[in-house]
S.K.: 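There's a structure below that I have some questions on.
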Amino acid sequence: MNKLKSTIRIRENTRRRNFAIKVLLLIIFEILYESERPLGPIFEQFVILGYVFRAVIFLLSSNLIISLGRFITLSLYLRHREDAKVQPNFVVGIDRIATLLNVLALLISLMLAFGIRPLEFLTSITIVAAAIALLTKDYITNIVNGLIMMFSDQLEIGDKVQIGRHIGFIRDITLINLVLKNDSGETVLIPNSMALSSDVTNYSKNNTHQVIFDFELSNQKELDLNSLETQLSQPLQDHPDLINSEGASLYILERKSETLLLRFQFTLKSTARSTESQLIKKIDQALLHWNHERRQNQLL
């Protein structure tokens, strides 16, 4: 069985036990709230206590409905994907939607606890709500774009992608940002709206795996790109079973006044991170060696 699927099912079993506990609590609160004894006189004397009980009942009921919908959706998804790959994006998307609905239910519960009727409250602050919507439109856009990515199979958690000039592995898709981990171990947060509006290259969707090595060199006319490409390609010759060295190429990505941004890329047959990291170190060493030789030649 798929490892991710097994992990999801173990986690869902725990949530089902919590679901049963919430059902029991809801029944207890309903009995106490509806019965005339022993809390009936207390509710009449302390009205706010009745509001709190009603708010808790609403919160538990809403949470149970949301959880039930989540269980059914995930169950159907896992059954449909019995012999196929389970996408972590879908699970993350369901969790994010459930969280949003639970937050909404909590806000309504707080209104009920203070004796505020939600519909009347929303009607009375229509203008304020419109102003809030304008101020938070960027966040709403990011949330919508995040949900689109979560339920899309074009980008998955674990894929290696390039978004603009950022290259890295997708570690998480939140409601606001796409979280990338680049080759140097740094975490890059990209707004979801930017991720969908920019040119995105997904290297993990190819049958082969593209390794990209970007670096800067001083902009000098004596720079020999062919010689540098040959130097960087030499470490690849030692791994013909892992690398398609014939597809290695070096080209200028961006020209600046004093420096050049160069990109060296090649095709890796294995997608193992350890293999890629070792090769990157060898290319780093080859670049340092080439730089040292060039400086020595300039001094002669």
Side-chain angles (χ1 to χ4, degrees), residues 155-172 177-191 194-300:
L155 295 174
E156 296 183 33
I157 295 175
D159 284 354
K160 184 174 184 179
V161 298
Q162 177 179 355
I163 302 176
R165 290 183 54 183
H166 298 291
I167 301 174
F169 290 87
I170 299 176
R171 287 293 171 255
D172 194 10
N177 299 311
L178 185 70
V179 183
L180 295 184
K181 182 79 74 173
N182 61 22
D183 293 330
S184 59
E186 298 171 336
T187 299
V188 181
L189 302 179
I190 299 177
M194 176 183 173
L196 282 186
S197 61
S198 304
D199 293 334
V200 179
T201 304
N202 191 338
Y203 299 104
S204 299
K205 293 302 182 183
N206 301 328
N207 294 328
T208 55
H209 184 64
Q210 290 287 332
V211 178
I212 295 176
F213 183 82
D214 291 343
F215 57 98
E216 278 189 333
L217 287 178
S218 58
N219 190 355
Q220 298 179 2
K221 62 180 180 179
E222 63 269 16
L223 178 63
D224 188 350
L225 292 180
N226 291 326
S227 172
L228 178 55
E229 182 178 275
T230 302
Q231 186 80 17
L232 297 179
S233 300
Q234 284 181 356
L236 308 183
Q237 307 297 331
D238 300 332
H239 305 276
D241 55 330
L242 298 177
I243 303 167
N244 180 13
S245 58
E246 296 179 357
S249 60
L250 174 71
Y251 56 91
I252 297 175
L253 190 63
E254 183 180 348
R255 296 177 182 272
K256 299 180 180 179
S257 58
E258 298 182 356
T259 60
L260 295 174
L261 179 61
L262 302 174
R263 170 167 292 177
F264 179 68
Q265 67 181 42
F266 56 91
T267 302
L268 186 66
K269 298 176 184 178
S270 170
T271 58
R273 285 293 306 275
S274 58
T275 303
E276 181 176 343
S277 298
Q278 291 174 6
L279 291 171
I280 291 295
K281 289 180 181 178
K282 290 186 177 182
I283 295 172
D284 269 325
Q285 191 63 48
L287 180 60
L288 291 173
H289 183 68
W290 179 86
N291 239 335
H292 178 72
E293 287 186 344
R294 188 178 66 155
R295 289 177 181 176
Q296 291 294 329
N297 292 333
Q298 289 176 350
L299 293 175
L300 296 177

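Atom set for the values below is all heavy atoms of this structure, side chains included, hydrogens, waters and symmetry mates excluded.
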S.K.: For Thr259, give me all partners under side chain to side chain contact (heavy atoms under 4.5 Å, CB included), at least two apart in sequence or on another chain.
M.R.: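 Result, side chain to side chain contact (heavy atoms under 4.5 Å, CB included) vs Thr259: Glu216, Lys256.
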
S.K.: Once rounded to the nearest 0.5 Å, what's the spacing between atom CD of Glu229 and atom CG of Asp224?
M.R.: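 With rounding to 0.5 Å, CD (Glu229) is 10.0 Å from CG (Asp224).
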
S.K.: Atom OG in Ser233, atom CZ in Phe266: separation rounded to 0.5 Å?
M.R.: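 It comes to 9.0 Å.
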
S.K.: State the CG-CZ distance between Asp159 and Arg171, to the nearest 0.5 angstrom.
M.R.: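 The CG atom of Asp159 sits 10.5 Å away from the CZ atom of Arg171.
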
S.K.: Suppose we screen for side-chain hydrogen bond (donor to acceptor under 3.5 Å, both in side chains). Which residues come up paired with Ser197, at least two apart in sequence or across chains?
M.R.: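 For Ser197, no residue satisfies side-chain hydrogen bond (donor to acceptor under 3.5 Å, both in side chains) once neighbours in sequence are set aside.
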
S.K.: Grab the two heavy atoms, one from Phe264 and one from Ile283, that are nearest each other, plus how far apart they are.
M.R.: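 That closest heavy-atom pairing would be CE2-CD1, 3.9 Å.
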
S.K.: So, for Ala195 and Val200, which heavy atoms are closest and what is the spacing to 0.1 Å?
M.R.: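 In terms of heavy atoms, the two residues are closest at O-CG2, 3.2 Å.
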
S.K.: List in chain and number order the residues that pass side-chain hydrogen bond (donor to acceptor under 3.5 Å, both in side chains) with Asp284, two or more places apart in sequence or in another chain; answer none if no residue qualifies.
M.R.: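 Asp284 satisfies side-chain hydrogen bond (donor to acceptor under 3.5 Å, both in side chains) with no residue once adjacent residues are dropped.
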
S.K.: Could you work out, with side chain to side chain contact (heavy atoms under 4.5 Å, CB included) as the rule, every residue matching Ile252, not counting sequence neighbours?
M.R.: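 Listed in chain order: Leu225, Arg255, Leu260, Leu262.
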
S.K.: Could you go step by step and tell me if Leu178 and Val188 meet the side chain to side chain contact (heavy atoms under 4.5 Å, CB included) rule?
M.R.: CA-CA 8 Å; Leu178 185 70; Val188 181; over 6 Å; no

S.K.: Would you compute the distance between atom NZ of Lys160 and atom OG1 of Thr201 and round it to the nearest 0.5 angstrom?
M.R.: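 Taking NZ in Lys160 and OG1 in Thr201, the distance rounds to 11.5 Å.
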
S.K.: Dump the intermediate steps for side chain to side chain contact (heavy atoms under 4.5 Å, CB included) on Phe215 and Asn291, then the final yes or no.
M.R.: CA-CA 12 Å; Phe215 57 98; Asn291 239 335; over 6 Å; no

S.K.: Going by side chain to side chain contact (heavy atoms under 4.5 Å, CB included), name the residues that satisfy it together with Glu258, two or more places apart in sequence or in a different chain.
M.R.: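 Side chain to side chain contact (heavy atoms under 4.5 Å, CB included) list for Glu258, sorted by chain: empty.
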
S.K.: Could you work out, with salt bridge (Lys or Arg N to Asp or Glu O under 4.0 Å) as the rule, every residue matching Asp172, not counting sequence neighbours?
M.R.: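 By the salt bridge (Lys or Arg N to Asp or Glu O under 4.0 Å) rule, Asp172 matches Arg96.
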
S.K.: Are His166 and Ile190 close enough that some pair of their side-chain heavy atoms sits under 4.5 Å apart?
M.R.: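 Side-chain contact under 4.5 Å: yes.
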
S.K.: What is the distance from atom CD of Gln162 to atom CG of Asp214, rounded to the nearest 0.5 Å?
M.R.: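 Nearest 0.5 Å value for the CD-CG distance: 7.0 Å.
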
S.K.: Say you draw a straight line from CD1 of Ile163 to CG of Leu180; how long is it, rounded to the nearest 0.5 Å?
M.R.: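 Ile163 CD1 to Leu180 CG: 5.0 Å, rounded to 0.5 Å.
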
